[in-house]
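Comments concern the structure below.
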There are 2 protein chains.
Amino acid sequence: MLQSFTLNKSSMANQKGVSLKEVADKAGVSTATVSRVINSKTVVKGETELRVQKVIKQLGYRPNRVAQRLRTTRGASKLIGLLIPDIQNPFYVDIIRGIEQYAYARNFAIVIGNFSQNEERQKFYIEILKSESVDAFIVAPFPGMNDYVKELVEEGYAVVCIDRGLANVDLDVVKVDNFQGAFNAVEHLIKVGHTRIAHISGNALIPTTMERISGYEAALNKYGIPIDREIVIGRNSDHQSGVELSARLLDIPNPPSAIFTSNNLLTLGALETIHTRGLKIPEQVAIVGFDDMYWSMSLNPPLTAVRQSGFEIGRITIELLHQRIADPARPYVSIVLKTELIVRNSCGYKLKMA
Amino acid sequence: MLQSFTLNKSSMANQKGVSLKEVADKAGVSTATVSRVINSKTVVKGETELRVQKVIKQLGYRPNRVAQRLRTTRGASKLIGLLIPDIQNPFYVDIIRGIEQYAYARNFAIVIGNFSQNEERQKFYIEILKSESVDAFIVAPFPGMNDYVKELVEEGYAVVCIDRGLANVDLDVVKVDNFQGAFNAVEHLIKVGHTRIAHISGNALIPTTMERISGYEAALNKYGIPIDREIVIGRNSDHQSGVELSARLLDIPNPPSAIFTSNNLLTLGALETIHTRGLKIPEQVAIVGFDDMYWSMSLNPPLTAVRQSGFEIGRITIELLHQRIADPARPYVSIVLKTELIVRNSCGYKLKMA
DNA sequence: TGTAAAAATGTAAACGTTTACATAATTAAC
DNA sequence: GTTAATTATGTAAACGTTTACATTTTTACA
């Protein structure tokens, strides 16, 4: 005899979850009471609360975040929009990890918009995120975004800028001490004996880039080494620029003995060129890069690098956002984290003890 | 005389956007008509449509996606949940980039849950994403997730698995030919003269891992090389495992002359150990890894690797999801992409021409 | 010109919550 | 044992859309 098929599968299809109303009915209370239990707003009488809790467990009820978001005013929608310039850059990945960890711990969800260093796309994502009713924006702002981000603040969104601030706009910023980080890196090169030190920088319109250039110059100045503009070059903060600009540096008649690169993609690009040409590091050309990576020791030789903790930046960002939402009038702060120079073998040791 | 301050700034704070109703009022039509114009569902009379469009432009109206999502049934909420095992792994980053690019082009937003290879956290994210009313899930399922993911399918979500499928559950899968990829890598090692080839594999509970082991074994078999279980070892698919397992391999009395690593994090870990010990690649130990990276040429020597296109996986995934939403009854498919062996300098050349 | 059919638009309910306000139950004060 | 104050709960509107259904306008055809 044939077994009858259970139709569970198809009958379950497209069912929406348990609603608050169902919980209310089953517990014999009003929807308001259930809502109050969930949000533990007003005190609900012990007995009632227990009964409602039980039904919630029993039915496996979970509030629909979309309905919550629609109903509540900004600041309670528990959603954060995250605008990332380049998700291929491990530094931003670290930031994302930090943000994610602490955001979900506070019951915030995050929506990521990776705009690939493209201004149009960043604008596009801002519009999308607005229509998703986010509470807050986390932005690493790109040149040309000043007005857009300013608008966000004026419209009442909580906004935190990471990695760099915004000219003429007051807001919360979490970044690292780029000047000091660059200074330390270049000073290290000088101390191990280099005097002809090049710098490959990133997008000149980003404050971070300029701060690192300043740190580079300050270190040279301190040791009385003249700055040669021919070997301070920059374009974009990407891998290809690293490949090409390092080639340009190595092609000049009097090439540098060391290169300081302004971020990890530039570093990797420069390494590609150096290896392709069969140059020995650090003997023929030394290199120190801004941004450490968890696999810097997998490079050959292991890379000396300026470490900035993206994870920590993420953590603090969420903290700031949380405060801002709780108190929109709190004064703006700018948090500047220290960097750390991780010395490995890509710079040479000549005068290290000097 | 004192200028009066404009209060625009503060009065704009916390304002919500322009609503459909406002558009309707200003255009002198009903909300239904505006909605129809937006969704171009029913034909709206030319003149009316033009008028509405004009008001939309004028007011800068954008539909509130949250309200849309609340109202519509599943499949129209234009939100995709993405469960990523490890955002630090560049392969998944490529997938994310592919997904993102094509998702936003189709007006889908994505929410990423990076569960860091943690089963509990994967479950946690699934619950969150459900309460965000996503249309669909993209999952690289972890051991122990079978039932959970199965449930998603049964509940009517569109689900696509990436990188690996699920035992006993029918669904759409996008992956690469792991067997062939591994086979090619190992065959290459054999052709350049290696016979004692080790394999560092990943998490044994993930199908991908097993397929790569099979490919490894098949290549050895083809050339009559006996399989030595002592040099086929695995643990997790992370950097630290690569560091430690490669050390173990190099410590045995009769160490391998070549290592085939099962993913990019293991490769980087192994490289760290090899460089730390000052071993020359490929003379003292050769290495070929699964997963190419955009900076494989920045390694020294440049890495020979099996390339799988994460970006392409992402593209196809969105395509499949789109089809599934349009036609929930479409038969399940499993898409298997070819890999490509990128030969660089980490394996040696001895018998390459043979 | 009148009527039926087709096309365009409007009305109002619904999605799942939260919350101001109203009401009911309890406690406190006399 | 009243009444007032307090506490607990309920009622219903609102958030911004979409959509089934109802109504109005237009078109087609006799």
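Every chain is numbered from 1 and lettered A, B, ... according to where its sequence line falls, protein lines coming before strand lines. These numbers come from the heavy atoms of this one structure, side chains and all, not from hydrogens, waters or symmetry mates.
- Here the side chain of B:L20 is nearest to one of D:dT9, D:dT17, C:dT17, namely D:dT17.
- Salt-bridge check for A:D147 with A:K150: failed, with every basic side-chain N at 4.0 Å or more from each acidic carboxylate O.
- Atom CG of A:L79 and atom P of D:dC15 are 21 Å apart (whole Å).
- A:T48 comes within contact range of the sugar-phosphate backbone alone, with a heavy-atom separation under 4.0 Å but no base atom that close.
- The NZ atom of A:K21 sits 13 Å away from the C1' atom of D:dG10 (whole-angstrom rounding).
- For B:S19 and D:dG16, the shortest distance from a side-chain N or O to OP1 or OP2 is not below 4.0 Å.
- For the pair B:S30 and A:T72, nearest-nucleotide mapping onto DNA chain C gives the more 5' position to B:S30.
- For the contact set between residues 55-71 of chain A and DNA chain D, defined by any heavy atom under 4.0 Å, the members are A:L70, A:R71.
- A salt bridge links A:R69 to B:E132: at least one charged side-chain nitrogen sits closer than 4.0 Å to a carboxylate oxygen.
- In this structure, A:L50 places its CG atom 16 Å from C1' of D:dA8, rounding to the nearest Å.
- A:K78 places its NZ atom 19 Å from the C1' atom of D:dC15, with the value rounded to the nearest Å.
- Using modelled atom types, no side-chain atom of A:T33 and backbone atom of A:V29 make a donor-acceptor pair closer than 3.5 Å.
- Put simply, the side chain of A:E127 never gets that close to the backbone of A:F124: no donor and acceptor are under 3.5 Å apart.
- One can place CZ of B:R36 at 15 Å from P of D:dT17, the figure rounded to the nearest angstrom.
- The CD-P distance, from B:E49 to C:dA7, rounds to 17 Å in whole Å.
- Salt bridge B:E312/B:R315: present, at least one basic N to carboxylate O contact under 4.0 Å.
- Judged as a side chain to side chain donor-acceptor pair (under 3.5 Å), the pairs with a partner in residues 317-326 of chain B (not counting sequence neighbours) are, in order, B:R106-B:E319, B:R106-B:H322, B:D172-B:R324, B:E319-B:Q323, B:Q323-B:R330.
- With respect to the salt-bridge test (charged N to carboxylate O, under 4.0 angstrom), the residues A:E49 and A:R36 do not qualify.
- B:N39 has its CG atom 7 Å from the P atom of D:dT19, to the nearest Å.
- Checking the phosphate oxygens (OP1, OP2) of C:dG10, a side-chain nitrogen or oxygen of B:T33 falls inside 4.0 Å.
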